[in-house]
Structures are given as structure tokens and as C-alpha cells.
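One structure is given here, and the rest of the page talks about it.
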Amino acid sequence: MIRAINTLLVPIPTIRAHKLACTVMNAQTLVLVHIQTEDGFEGWGEATTIGGLSYAEESPHSIKTNIDTYITPLLLQDQPTSSAKAMQLINRQISGNRFAKCAIETALLDIEGKRLGVPVSELIGGRVRDRLEVAWTLASGNTETDIAEAKAMVEQKRHRIFKLKIGGRAIKDDVDHVLAIKDALPNCRITVDVNQAWSELEAMSGIKALENGGIDLIEQPISMRNQAGLKRLSQRFDVAIMADEIVQDPQNAFGLAADHSADVFAVKINQAGGLKAAALIGQLAHLNGIELYGGTMLEGPIGTAASAHVFATFPSLAFDTELFGPLLLTDDVLATPLNYQDFGLIVPTKAGLGIEVDCEKVYYYANKALNLVDTKTLKLA
Ligand code: MUC
Ligand code: MG
């Protein structure tokens with residue numbers, strides 16, 4: 001029996017401004033879900049989006065409100081006896097809200113894994129890898145700063161794949177920026193994410209220049225509403241074209257995969273509407289000969305651990321992952337941070353998500369956001 005479901009908005013500053021074509025981030029708001037059961041188990045889930053409503057149709061506030069107002073009462077009343085039954089109930093009664101659904105499913109799977117004594121990856125298909133290579137996103141907006149940042153990452157054995165956020169400037173300026181970074185990092189894989197900013201015509205010239213410069217992967221160059229255009233670009237160029245924003249729930253991913261609208265799919269647990277939905281997208285893309293990439297919605301450590309469990313089950317992961325979200329934040333909400341080493345992330349092995357949440361930290365950032373009075377000092381926090 002579920003005893004309680006609590007949600008918290010937990011904003012944490014980023015280590016530097018993170019510039020995308022659609023927004024500039026100086027903090028990331030984690031929407032944390034904490035579920036407790038009558039038999040003494042607890043589970044954590046997380047949803048994130050990027051830049052309020054600038055990236056996707058759900059904001060941190062809509063996620064929290066819709067969980068509190070619609071999903072929680074449904075679960076408390078119906079008391080489904082497994083995460084699978086809970087998700088079937090939620091998906092039947094609640095349309096959309098994939099990010100909110102993802103946070104709830106994560107917490108329920110965390111509980112189920114703990115109860116059964118197995119990691120979440122074993123509940124959603126079974127893991128075939130224990131380590132994930134992790135790319136870093138260079139998005140300071142300045143070429144020299146990006147190069148210095150990348151070199152430091154290589155030196156620390158943190159990352160050797162770099163994704164560059166472009167699309168916010170003139171194409172020529174963006175291409176010069178990317179090629180200067182490629183030149184400075186000859187042994188690294190360099191990819192770009194345009195976040196839908198180009199028209200199809202702009203994409204034709206931009207991709208041509210990037211392909212000639214040896215760039216390895218071009219992510220969502222045009223609008224997510226232009227599926228036919230994405231397919232045309234994938235067929236026109238040799239460089240791999242990756243679908244990101246356009247890949248949503250399994251039904252829509254099935255259509256994209258059957259149409260072979262892109263060479264690679266970025267799979268994200270939030271966009272998919274949950275961990276099992278994301279695992280399913282990985283399987284169906286693979287069956288259609290689409291390569292896979294483990295994407296991020298810049299999740300904190302809970303969502304990143306959940307994503308890692310999913311990507312550990314993918315039949316292949318040719319373009320690796322970008323599970324660097326926790327490293328972009330100035331603080332962690334885990335008692336022991338996730339294990340990043342040798343350019344990768346070790347998938348947690350303990351039961352459930354395999355993490356321990358530091359509640360003090362969670363409440364510190366949640367209270368700070370609410371501007372609550374600090375009862376010890378009676379000062380505004
Ligand atoms: C996206 O579009 O891929 C991933 C890395 C990053 O910096 O932004 C995200 C979203
Ligand atoms: Mg992207």
C-alpha cells in the first residue's frame with residue numbers, strides 16, 4: 001500500500017551559464033518525488049525540463065501541480081499493487097504529462113527494486129553493460145572558454161566526447177566555432193546539437209560545412225514538426241543525423257523508426273514518459289536499424305541514475321550517452337555521488353536505483369526556493 005507521495009521543487013545553480021539555442025540556464029530545477037509505502041519502503045523519482053517552458057510543454061511547476069492534483073489522488077485511491085499496474089492506470093486516465101509520469105514511475109521502480117533486492121535495470125529488461133561512456137556539453141557561448149573547459153575534462157579523464165550547442169548565431173559563426181574546437185581536440189569525438197534552430201535550407205548548408213569539417217553527429221537540426229525534412233537530411237548526408245525533440249512516446253517513436261526518419265535516436269526517460277517506455281523505444285529503434293544515444297534532460301543525480309539503468313539495457317549504444325547532468329550542478333543531493341570515472345559512469349549495482357538521497361540537502365534547496373523563514377535564526381533564508 002502506498003502511504004504518501006510528496007513532491008518538491010529543488011533548484012540548484014549550475015557551475016556556469018549553459019547556453020542553448022532556446023534558453024540560457026543558470027540553475028536546474030529538479031522536481032523530486034518521494035513515495036513511502038505502508039510496509040516501510042521508500043522510493044525517489046525525478047523529473048526535469050530545460051528553461052521553464054522553453055524546451056518542452058511541461059514546466060517544473062506543471063509537473064509538480066499535476067502530480068499533486070491528479071496523479072497522487074489516483075494512486076492513493078486505487079492502490080495499484082505494482083509499478084506496471086500503476087503506470088497502466090495513470091496512462092489510461094491522464095493524457096500527456098510524460099515528465100510527471102516518468103518521475104512517478106522512477107520512484108515506484110526504486111521501491112519495487114528494493115523490495116525484490118534487484119537493481120532497476122533488471123526490472124526493465126536486464127542490463128547488458130555496467131559502464132556508460134559520457135559526453136560533456138560545451139555551452140559557455142565562447143570558443144576559447146569551451147576549448148579550455150574541454151581540455152580540462154580530458155585531462156581529468158572525465159569526458160572525451162563533446163557536444164556543442166549551436167543554432168543561436170549565424171551559421172558561419174557557429175561552424176567556425178565548432179571547427180575551431182574540433183581542431184583543438186583532435187582525439188575527441190565532436191558532435192553538435194542545433195535544438196531545432198535551423199530551417200531545412202539552413203540545415204543543408206550548415207550540415208554540409210560540418211560534415212566536411214569531420215563532425216561526427218548532428219542532433220535535431222530542424223523543427224520537430226518537420227519529420228519529412230529530417231528524413232530528407234538523413235538521406236542526403238553521410239554524417240549521422242540524430243532525432244531528439246521529435247522522439248517522444250513509444251507510439252511516436254515507432255512511427256519514426258518504421259519511417260527511418262533519422263539515423264540515430266536520442267532516448268530520454270522524461271520525453272519517453274518513463275523508464276519502461278524509454279527501454280521500449282530503445283528496443284524498437286534497434287529492431288528498425290536505428291542507432292541509439294542515451295540522452296539527458298539535464299537531470300540531477302536521481303534522474304541520471306534512472307537513465308543509466310535504462311541505457312544499461314539497450315541492445316546497442318553506438319553513440320554512447322550524455323549523462324553528465326549532475327556534473328553541471330554546483331551541489332549534489334546524494335549521500336554518495338554517482339561514480340564517474342575513466343570517461344564514463346558506472347551504473348549503480350545496489351537494489352532499486354542504487355542510490356541514497358541526502359534529505360538535508362534536498363530540504364535545504366527546496367526551502368531556499370520557497371524563501372521560508374529559517375526557524376533557528378528567524379531570518380529569511
Ligand atoms: C538536448 O537537447 O539534448 C542535453 C544536453 C544539454 O546540454 O541539453 C540537453 C538537451
Ligand atoms: Mg538535443
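Start at 1 and go down the list; that is how both ligands and their atoms are numbered.
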Nearest N/O/S atom of E219 with respect to the Mg ion (ligand 2), by atom name, please. OE2

D244 neighbourhood, listing ligand 1 atoms whose heavy-atom distance to it stays under 4.0 Å: 1 (C), 2 (O), 3 (O)

Counting heavy atoms under 4.0 Å, the part of M242 that contacts ligand 1 is neither

Kindly work out whether a path of hydrophobic side-chain contacts (I/L/V/M/F/W/Y, heavy atoms less than 4.5 Å apart) joins I246 to L284. no

Charged N to carboxylate O below 4.0 Å: is that the case for K85 and D78? no

Heavy-atom neighbours of Y70 OH exceed 12 at 6.0 Å: no

Would N26 and T14 count as a side chain to side chain donor-acceptor pair (under 3.5 Å) if you check the C-alpha gap in whole Å, the side-chain angles of each, and the deciding distance to 0.1 Å? CA-CA 5 Å; N26 289 293; T14 54; 4.9 Å; no

Under 4.0 Å, heavy atoms only, figure out whether ligand 1 is touched by the backbone of M297, its side chain, both or neither. neither

List every atom of ligand 1 that sits less than 4.0 Å from any heavy atom of D193, numbering the atoms from 1 in the order shown and giving each element. 1 (C), 2 (O), 3 (O)

Take Q227 and S261 through the test side chain to side chain donor-acceptor pair (under 3.5 Å) and record every step on the way to the result. CA-CA 7 Å; Q227 180 181 336; S261 305; 3.0 Å; yes

Nearest 0.5 Å please: distance from the OG1 atom of T191 over to the CG atom of D193. 7.5 Å

Can you tell me which residue and heavy atom of the protein come closest to atom 2 (O) of ligand 1, and the distance to 0.1 Å? Y55 OH, 2.6 Å

Of Q220, K165, E322, the one whose closest heavy atom lies nearest atom 1 (C) of ligand 1 is K165

To the nearest 0.5 Å, how far apart are CZ in R236 and NZ in K208? 8.0 Å

If you take the centroid of each ring, where Trp contributes its six-membered ring, are F324 and W136 closer together than 6.0 Å? yes

Min N/O separation H18 to ligand 1 under 3.5 Å: yes

Say whether E219, considering both its backbone and side-chain N or O atoms, lies within less than 3.5 Å of an N or O atom on ligand 1. yes

Can you list the ligand 1 atoms lying under 4.0 Å from a non-hydrogen atom of T296? 4 (C), 5 (C), 9 (C), 10 (C)

How far is atom 3 (O) of ligand 1 from its nearest protein heavy atom, and which residue and atom name does that atom have? K163 NZ, 2.8 Å

Any donor and acceptor pair, going by atom type alone, linking the side chain of Q79 with main-chain N or O of L76 inside 3.5 Å? yes

About how large, to 10 degrees, is the angle OD2 of D244, then the Mg ion (ligand 2), then OD2 of D193? 180°

Quick look: T137 vs ligand 1, heavy-atom contacts under 4.0 Å, and the answer is side chain

Quick one: which ligand 1 atoms are inside 4.0 Å of a heavy atom on N195? 1 (C), 2 (O)

